[in-house]
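The analysis underlying the following values was restricted to heavy atoms, covering all of them including side chains, and did not include hydrogens, waters or symmetry mates.
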Amino acid sequence: MTMVDKHDTEWWKTGTIYQIYPRSFMDSDGDGIGDLKGIESRLDHLTYLGVDAVWISPFYPSPMKDFGYDVSDYTGIDPVFGNLDDFESLLAAIHARGLKLLLDFVPCHSSDQHPWFQASRSSRDDPKRDWYIWRDPKPDGSPPTNWIAEFGGSAWTLDEATGQYYYHAFLPEQPSINWLNPDARAAMLDVLQTWFDRGVDGFRVDAVENAVVNPEGGDNPPNPNWQGEGGPPRSLLGTHTKYQAETFEIAREMRRLGRTYHPEKVFVGEAYGTIEEVIRFYGDDHDGFHLPFNFLLIGAEWNPLVIASLVDAYEAALPAGAWPNWVLGNHDRARIASASRAGRAQAPVAAMMLLTLRGTPTIYQGEELGMENVEIPPERVVDPWEINLPGQGHGRDPVRTPLAWEEAPHGGFTTGEPWLPVDLRSEVTVSVLRRDPGSILNLHRDLLALRHREPALTLGDYRTVSVDDAVFAYERNYGDSRIGVALNFSDQPRPAVFEGEVLLSTEGDEATDDLRPNEGRVVRLI
């Protein structure tokens, strides 16, 4: 039996994950859409940065009604991104650089163009009918329940040919898969196995809280606390559509499959909910997901008192032995450097916090460049959420715009017309930021190098030291090593909190007696 190094099997504890949204990373063929060859051509950016793993959002065959999250073939490659040879080349290049690769698994729904659904809707008697969720209309012909789809409108669509409604948590073109059907479940697990056998190291599991629903439960009750935030879907509680008990068994089944490989494959689960709901995905005996995504900070007010309280609440709620993780941004939520979040001046402080809290951090592409939300002209809007619910602030196009690599047409992203506008400002252009030792890109690089050098910042304990309306300070301790982190959320000087050797400052030069405005410091404590 081959001996496996434990550090390698638990890379997800000490490593940092970098999310690539493939449409917007790098285009190799001039069609204006990023692709797998483009990703491979820019891998040196990731090694320069110093991350440990790559998570790539969906590149599977898809009609692109939801830009890849409507999958028509779970084991193929959409031609817009390349082909299987391109994937194998990319995987080899990633592994050659000592990086891990996670793919996106979309378990809750397929495309309505998937052969499974085409068979399912062909007849009430088709063997795959029960692979999706079908129900009869109410006596008046209306949908079976009052459920609202995440992108607006009823979560049920009538199929005229068979006289039944099918359920979809998102778009009508994304029918939800019935994970309670054993054949459908086995087919989805086979998808994971296919990619594992190809050599991927794990999966990020999309929207998993929606994996199981209970139509027999009837209508979802109204949300008594709803004030309009989140749009119509939040007007109802997810009593019968989210966090059903069987959902956690699905997580355990995925984990059991991952454990049949050596080293074990890693699962990161995407689930929005309360702390108590999300941490259930760890499992009763660490037999669920390795890292259920922690989104507490992604929508939090940028205030040290609020942030510190959320960190403490999360740390207190974690089951014994569970490994934490932190996220500040992704392809669905406003960028951290935007004015609606922390803002440009505070983006370096946010980066320092993300990369020094206890747990595994995930960086969304462009955060290391200080990218902000990009204004999208009305005629360039492509996101179905914004199209279906215009003007309500749900549009995701502003956070999905392509990276600017060079001071060149379209930022060097493409030789064609980019699918979304590119922010061409020099302050978010990779080549410019690399040349500036004090740039936010090089701050991320320095922080990641410091994480690799200092076990206290990866494996160390966490303790909040102090917090007020301006400064959040905490310690990371591992063995004899004690490191303090002080983050000034204000635009005024503040007392430094910690004395000792300054290992890194967001200001990049010799530290002053006080914390400078918008400064974060990492200090080795005596």
Side-chain angles (χ1 to χ4, degrees), residues 18-19 21 24 45 49 297-307 326-357 361-376 393 395-407 411 413 420-448 469-472 485-494 504-509 512 514-522:
Y18 183 94
Q19 181 193 356
Y21 190 71
S24 295
H45 176 66
L49 188 59
L297 302 184
I298 210 166
E301 176 188 354
W302 194 251
N303 174 295
L305 294 166
V306 172
I307 298 294
W326 296 97
V327 181
L328 285 180
N330 61 27
H331 61 292
D332 290 331
R333 306 299 286 268
R335 287 193 176 276
I336 189 65
S338 294
S340 63
R341 299 280 310 280
R344 188 162 186 83
Q346 279 284 299
V349 171
M352 181 168 281
M353 183 179 71
L354 175 69
L355 297 176
T356 58
L357 286 172
T362 296
I363 300 171
Y364 174 48
Q365 67 178 42
E367 287 181 357
E368 78 279 17
L369 310 178
M371 286 181 67
E372 302 169 51
N373 291 358
V374 175
E375 185 174 351
I376 308 296
R396 299 165 296 177
D397 294 337
V399 307
R400 296 178 172 185
T401 56
L403 302 191
W405 293 98
E406 302 153 1
E407 294 177 291
F413 164 72
L420 284 175
V422 181
D423 186 346
L424 298 176
R425 293 176 301 155
S426 60
E427 54 261 44
V428 294
T429 298
V430 175
S431 62
V432 175
L433 294 176
R434 281 188 68 157
R435 295 194 297 268
D436 177 6
S439 70
I440 192 168
L441 170 60
N442 283 315
L443 172 64
H444 277 83
R445 185 178 191 235
D446 292 343
L447 282 163
L448 287 164
D469 61 358
V471 177
F472 175 28
V485 180
L487 307 171
N488 187 357
F489 283 60
S490 79
D491 59 2
Q492 299 295 319
R494 297 289 176 173
L504 188 60
S505 165
T506 57
E507 294 298 303
D509 54 13
T512 56
D514 289 336
L515 278 174
R516 286 164 286 192
N518 303 303
E519 181 186 6
R521 286 185 194 171
V522 182

For Gln492, is there any backbone N or O sitting under 3.5 Å from a side-chain donor or acceptor partner on Ser490?
yes

Can a donor-acceptor pair be found, under 3.5 Å and without considering hydrogens, that links the side chain of Glu519 to the backbone of Pro517?
no

Heavy-atom nearest pair, Thr506 first then Pro348, reads CG2-O, 3.7 Å

Measure across Ala350 and Ile336 and return the closest heavy-atom pair with its distance rounded to 0.1 Å.
CB-CG1, 3.8 Å

Would you please test Met353 and Val485 for side-chain contact (heavy atoms from CB on, under 4.5 Å) and show each step?
CA-CA 8 Å; Met353 183 179 71; Val485 180; over 6 Å; no

Counting distance only, does the side-chain N/O of Thr429 pair as donor-acceptor with the main-chain N or O of Ser431 below 3.5 Å?
no

Could you give me the CA-CA distance, side-chain angles and deciding distance for His45 and Leu441, then say whether side-chain contact (heavy atoms from CB on, under 4.5 Å) is met?
CA-CA 10 Å; His45 176 66; Leu441 170 60; 3.9 Å; yes

Grab the two heavy atoms, one from Asp514 and one from Arg521, that are nearest each other, plus how far apart they are.
O-NH2, 2.6 Å

Closest non-hydrogen atom pair between Asn373 and Ser338, with its separation:
N-OG, 2.7 Å

Validation row: Asn488, Val349 side chains within 4.5 angstrom (heavy atoms):
no

Which heavy-atom pair separates Ala404 from Val422 by the least distance, and what is that distance?
CB-CG1, 4.0 Å

Report the C-alpha separation of Thr356 and Val522 in whole Å, then their side-chain angles, then the decisive distance to 0.1 Å, and conclude whether the side-chain contact (heavy atoms from CB on, under 4.5 Å) test is met.
CA-CA 9 Å; Thr356 58; Val522 182; 4.2 Å; yes

Which value, rounded to the nearest 0.5 Å, describes the distance between Gln19 atom CD and Ile363 atom CD1?
11.5 Å

Contact between Trp302 and Ile307 at the side-chain level, heavy atoms closer than 4.5 Å - yes or no?
yes

For the residue pair Phe489 and Phe472, categorise the inter-ring angle as parallel (less than 30°), tilted (30 to 60°) or perpendicular (more than 60°).
tilted

For the residue pair Glu407 and Arg435, what are the closest heavy atoms and their distance?
OE1-NH2, 3.5 Å

Under a 4.0 Å threshold between the charged nitrogen and the carboxylate oxygen, would Glu367 count as salt-bridged to Arg341?
no

Going from CG on Leu443 to CG on Leu433, what distance comes out if it is rounded to the nearest 0.5 angstrom?
11.5 Å

Checking the side chain of Arg396 only, and the main-chain atoms of Asp332 only, is there a donor and an acceptor separated by less than 3.5 Å?
no

If we ignore hydrogens and angles and just use 3.5 Å, is the side chain of Tyr364 paired with the main-chain N or O of Arg333 as donor and acceptor?
no

Counting N and O atoms only, with roles assigned by atom type, does the side chain of Gln365 sit under 3.5 Å from a partner on the main chain of Tyr21, one being a donor and the other an acceptor?
yes

Any chance you could measure Glu375, atom CD, to Asp423, atom CG, to the nearest 0.5 Å?
11.5 Å

Could you state the interatomic distance from CG (Asp397) to CD1 (Ile376), rounded to the nearest 0.5 Å?
5.5 Å

May I ask you to test the Val471-Leu515 pair for a side-chain heavy-atom distance under 4.5 Å?
yes

Contact check, side chains of Arg516 and Ser505, non-hydrogen atoms, under 4.5 Å
yes

With rounding to the nearest 0.5 Å, note down the distance linking OG1 in Thr401 to CD in Glu372.
10.5 Å

When rounded to the nearest 0.5 angstrom, what is the spacing between CG in Leu504 and CG in Asp446?
5.5 Å

For side-chain contact (heavy atoms from CB on, under 4.5 Å), just list the numbers for Thr512 and Glu507, CA-CA rounded to whole Å, side-chain angles, deciding distance to a tenth of an Å, and then say yes or no.
CA-CA 10 Å; Thr512 56; Glu507 294 298 303; over 6 Å; no

